[in-house]
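Letters A, B, ... are given to chains in the order of the sequence lines, protein chains preceding strands, and every chain is numbered from 1.
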Number of protein chains: 2
Amino acid sequence: MATTLSQIKRDFVEGLSQISRFWGFPKGMGAIFAVLYLSPTALSLDEIVERTGLTKGAVSTEVRTLARMGLVHRSTKLGDRKDYYAAETDFYAAIRSILQERQNSEFDHAVRSVKETLTRLEENWVENEEWNFVYERVKALQEFFDAIDSLAKAVIRLESLGLSNVTKILNVLK
Amino acid sequence: MATTLSQIKRDFVEGLSQISRFWGFPKGMGAIFAVLYLSPTALSLDEIVERTGLTKGAVSTEVRTLARMGLVHRSTKLGDRKDYYAAETDFYAAIRSILQERQNSEFDHAVRSVKETLTRLEENWVENEEWNFVYERVKALQEFFDAIDSLAKAVIRLESLGLSNVTKILNVLK
DNA sequence: TATTTCGTTTAGTAATTACTAAACACACAT
DNA sequence: ATGTGTGTTTAGTAATTACTAAACGAAATA
């Protein structure tokens with residue numbers, strides 16, 4: 001049972017698929033990214049189809065959302081009608097892109113709804129114990145979300161420093 | 001159309017449900033947490049059932065995973081056979097707890113599989129261009145995961161400083 | 001021991017999500 | 001204009017996940 005490169009690759013693709021699924025993305029998306037990531041050259045849609053075992057339709061849509069997230073890049077060759085896809089290798093850039101994408105997402109809408117709850121509580125204020133209690137709790141949650149958000153932005157802003165350097169600095173702090 | 005407290009609460013519960021779903025948790029889990037979070041007193045399983053509209057079975061299992069994640073706490077009253085549940089209000093503590101929980105999870109297993117790919121590449125080394133290429137790529141990914149992990153740990157370690165203070169410090173850096 | 005009151009488990013259903021197969025649309029080449 | 005090689009869309013299916021209803025078990029009470 002020789003450990004061939006293609007075997008190792010297959011296992012890697014499998015691993016990224018699971019990670020993808022864990023993060024709430026289709027596992028096919030992870031597979032597509034993995035295949036592109038391990039390829040030295042950009043791949044056409046049909047090559048991705050071949051290497052992942054998915055159908056053209058699935059690859060077409062999923063590679064597009066990957067592109068929207070900035071995790072892959074689409075390119076073309078002159079005199080060739082095919083599109084070619086390559087994995088983004090700068091993960092910090094990808095994160096930044098994903099966070100931007102997130103701004104318009106269902107998620108941010110939901111987070112905003114917490115903020116909105118707060119406003120409604122303020123605008124229809126009734127001075128009693130329960131109202132006060134609810135207000136304090138919702139406010140605390142909203143502040144937490146804000147804190148996370150600011151932290152993420154701060155880290156992204158320091159991208160050029162390198163994530164591990166940022167970590168080192170933090171570790172010195174206390 | 002008066003904006004009553006119970007209306008506001010319902011909307012809040014709805015909001016957290018969506019957030020929960022976005023993060024890949026059942027939306028019922030979000031609803032349960034929200035209900036507990038807005039309650040000044042700990043609630044029994046049946047009270048949660050009543051306020052969320054879920055069944056006892058669903059609440060039983062989901063409240064348990066919430067407890068495992070450290071997002072709610074189970075308690076009992078003397079001379080009362082019921083269990084009572086209350087929301088954790090220290091979110092930083094909750095995050096820490098979730099990250100610990102994660103150690104044993106399917107996710108970490110998957111992340112470890114990347115590390116494992118790397119080892120296999122090293123152990124069966126073949127000196128050629130492709131092998132080298134794949135190795136470099138996998139290594140970069142593994143280092144990225146490591147960096148994220150260290151960063152998370154560093155932030156958690158600074159919990160007592162307050163998340164927003166950490167953010168402030170980071171913002172001064174550059 | 002039988003009964004009540006609680007939480008858990010289980011087996012099945014509903015709802016959602018990922019994916020397939022195939023039709024389609026567009027651009028280019030002949 | 002017709003045919004060929006692309007990527008996209010769509011309608012349906014498979015697989016997964018969240019949830020329900022109801023049986024069960026355990027512990028306290030009668």
### Query
What string of B, S and - do you get for nucleotides 12-29 of chain C, 5' to 3', when a contact is any protein heavy atom under 4.0 Å?
------SSBS-----BS-
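To the nearest angstrom, P of D:dT4 lies 17 Å from CG of A:Asp46. Counting to the nearest Å, the C1' atom of C:dT5 and the CG atom of B:Leu45 are 12 Å from each other. Rounded to a whole Å, the NZ atom of B:Lys77 is 15 Å from the C1' atom of C:dC6. At whole-Å resolution of the value, OH in B:Tyr84 and P in C:dC6 are 8 Å apart. As a whole-Å value, the separation of A:Ile32 CD1 from D:dG7 P is 13 Å. With rounding to whole Å, B:Glu47 atom CD is found 15 Å from C:dG7 atom C1'. When the C1' atom of C:dT8 is taken as reference, atom CZ of B:Arg68 falls 15 Å away, rounded to whole Å.
Of the possible polar contacts, one joining the B:Asn124 side chain to the B:Arg120 backbone as a donor-acceptor pair under 3.5 Å is found. Proximity of a side-chain donor or acceptor of B:Thr52 to a complementary backbone N or O of B:Ile48 within less than 3.5 Å is detected.
Scored by the salt bridge (Lys or Arg N to Asp or Glu O under 4.0 Å) test, A:Lys9 finds B:Glu130 as partners (sequence neighbours excluded). With sequence neighbours left out, the ring pair (Phe, Tyr, Trp, His ring centres under 6.0 Å) criterion links B:Tyr37 to B:Phe33, B:Phe91.
Note that the CG atom of B:Leu118 and the OH atom of B:Tyr135 stand 5.0 Å from one another [nearest 0.5 Å].
Neither OP1 nor OP2 of C:dC6 sits under 4.0 Å from any side-chain N or O of B:Arg74. Phosphate contact (OP1/OP2 of D:dT8, side-chain N/O of A:Ser60, threshold under 4.0 Å): present.
By the criterion of side-chain heavy atoms lying less than 4.5 angstrom apart, applied directly or through intervening Ile, Leu, Val, Met, Phe, Trp or Tyr residues, A:Tyr84 is not grouped with A:Val72; the two fall into different hydrophobic clusters.
B:Ser44 comes within 4.0 angstrom of no nucleic acid atom, judged by non-hydrogen atoms across all strands.
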